[in-house]
Amino acid sequence: MSTRGSCEALAHQIKSIKGTEFSFRNGIQRQHEMTDSVKQYGVDLQAESNEHKRLAMDRKHSISSMRQHLQSLKHNTSQDTRCLSRHSAARVGALVRVHRQHENVLLKNLSVLSNSKRVEEMVHTATLTYLRKKHRSLAEDVVMLRSHREVALHSLEMQLCAVDQERTSTLSDLTVLRQRRAADEVKERQLEEANAQECKRSQCRVAEFHKRNSAALEIQSLVRIFLQQKAHARAVAVDRKGRSKRMK
């Protein structure tokens, strides 16, 4: 029973060591997933910044093309259409102002995005630094746990070998004891049989002795009766002889 309990305790310790290793592996996997998500967020932010830059360049090209169009209109118009050109210039100026205002808004948005990108890059750098430190510490912990696990497993294996040897020796002792017990039982059975036979023989001897004793007693009683009868017959004969002599 003690051997079985020690084996169950050793199996429970091995299961607990495997559970801690599995939890550490899950933690390392979650940290890898967080690192990948941060990298993907940086890539998406860079793509969005490039898109905003492209839109600003498109706006600038459209404004420059409109300016070129205005200059061509100025050169191609005549003095008679000066009012119309002024009106169109006012419209174009209004459009230019609108586009400039939109460009200023885009530039402000771009500056805000660049600032946010800078902040996110700083956060990303700090996060990567922290994750690398954490990864190193976890790797060291994993190495230490593996070494401890190997030492524990080695000690457990040694204990299991000792327990197996003890179990083997105990089984061999039990086998020897069982054989001795079987031999003792056989001897006891033989002794019982011999005692039973001896009892039977003694009973037969006693019965035969009783028979002989009873026969001897009968013979003695018969002899005693015969002797008594013989003595009585002699006494009667002597008495008869005495009587006959007296009568003579």
Side-chain angles (χ1 to χ4, degrees), residues 1-44 122-217:
M1 292 295 289
S2 61
T3 306
R4 184 176 180 183
S6 62
C7 291
E8 289 178 355
L10 293 174
H12 182 68
Q13 291 179 1
I14 292 169
K15 287 182 180 179
S16 63
I17 291 168
K18 289 183 179 180
T20 53
E21 184 179 2
F22 183 74
S23 63
F24 273 108
R25 287 181 180 175
N26 288 329
I28 292 169
Q29 187 175 3
R30 286 197 296 271
Q31 288 181 359
H32 283 302
E33 291 176 357
M34 288 174 67
T35 305
D36 294 335
S37 64
V38 170
K39 288 181 180 180
Q40 186 64 33
Y41 185 75
V43 171
D44 295 334
M122 292 173 64
V123 172
H124 179 66
T125 304
T127 305
L128 283 176
T129 304
Y130 172 74
L131 289 174
R132 285 172 183 170
K133 290 181 180 179
K134 192 69 176 176
H135 180 69
R136 284 196 296 271
S137 65
L138 286 173
E140 291 175 357
D141 292 336
V142 168
V143 172
M144 184 172 65
L145 283 172
R146 284 180 180 174
S147 63
H148 286 303
R149 187 191 67 180
E150 289 177 356
V151 172
L153 287 174
H154 182 68
S155 65
L156 290 174
E157 287 177 356
M158 294 294 289
Q159 292 178 3
L160 284 173
C161 291
V163 169
D164 289 333
Q165 291 178 359
E166 185 178 359
R167 180 173 173 272
T168 304
S169 64
T170 304
L171 288 174
S172 63
D173 294 335
L174 285 172
T175 304
V176 172
L177 289 173
R178 286 176 181 174
Q179 291 177 356
R180 288 180 180 176
R181 184 177 178 183
D184 292 335
E185 288 179 354
V186 171
K187 288 180 180 179
E188 288 178 357
R189 195 179 297 110
Q190 290 176 357
L191 287 173
E192 288 178 355
E193 291 177 356
N195 290 325
Q197 290 178 1
E198 186 67 25
C199 289
K200 288 180 180 179
R201 289 175 183 174
S202 63
Q203 289 176 358
C204 291
R205 288 174 184 173
V206 169
E208 187 176 359
F209 177 76
H210 284 299
K211 287 180 180 179
R212 289 180 180 178
N213 193 7
S214 61
L217 290 173

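- The side-chain heavy atoms of Met144 and Asp141, taken from C-beta on, include a pair separated by under 4.5 Å.
- The distance from the CG atom of Asp164 to the CD atom of Gln159 is 12.0 Å, given to the nearest 0.5 Å.
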What donor-acceptor contacts under 3.5 angstrom involve side-chain atoms of residues 189-201, with partners at least two apart or in another chain?
| residue | atom | partner | partner atom | Å |
| --- | --- | --- | --- | --- |
| Asn195 | ND2 | Leu191 | O | 3.0 |

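- For Arg181, the salt bridge (charged side-chain N to carboxylate O under 4.0 Å, His left out) criterion is met by Glu185, not counting sequence neighbours.
- Put simply, CD on Glu150 and CG on Leu156 are 13.0 Å apart, with the number rounded to the nearest 0.5 Å.
- Remark: Arg167 CZ to Leu160 CG distance equals 12.0 Å, nearest 0.5 Å.
- Qualifying side chain to side chain contact (heavy atoms under 4.5 Å, CB included) partners for Arg136, counting only residues two or more places apart in sequence or in other chains: Arg132, Lys133.
- Taking each heavy atom of Ser169 and Ser172 in turn, the nearest pair found is O-OG, 2.5 Å.
- For Thr168, there are no side chain to side chain contact (heavy atoms under 4.5 Å, CB included) partners two or more places apart in sequence or in a different chain.
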